[in-house]
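Notes to accompany the following structure.
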Amino acid sequence: MPAIILEGVLFVVLIATVGALFYFILMSFTPVGVRLRQTRNRRRLDLAAELVCPIHGPRSSNDLVRLPSGDVLCPDCYKETLNG
Ligand SMILES: [Zn+2]
């Protein structure tokens, strides 16, 4: 009985290892990997740009105010908008 369980566990480990190796090769040595990395870089820079208010400078994502429309706004700009 323990041999069957061990065999099952080793099979799952083998599948996971082959999957990880496939992912590593895909991400490191193919144009698909380059494309995914470039997309990830764009998302990262877009996120960083969202955190910088052109008037008040950089803000933490925890400080930002989400409007009902879904856009995010710097808290100082939101206060200025509210107070007129
Ligand atoms: Zn602002």
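Just so you know, ligand 1 is whichever comes first in the structure, and atom 1 is the first atom listed for that ligand.
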Does the Arg37 side chain pair with the main chain of Met27, one donor and one acceptor, at a distance under 3.5 Å? yes

Between Leu64 and Glu50, the two heavy atoms sitting closest are CD1-O, 4.2 Å

Taking all non-hydrogen atoms of both residues, which atom of His56 and which atom of Cys53 are closest, and how far apart? N-SG, 3.3 Å

Are Lys79 and Asp76 close enough that some pair of their side-chain heavy atoms sits under 4.5 Å apart? yes

Quick one: how many protein N/O/S atoms are under 2.8 Å away from the Zn ion (ligand 1)? 4

When you measure from the side chain of Asp71 to the backbone of Leu67, do you find a donor-acceptor pair of N or O atoms at a distance under 3.5 Å? no

Could you tell me which non-hydrogen atom of Cys77 sits nearest to which non-hydrogen atom of Ile55, and how far apart they are? SG-CD1, 4.3 Å

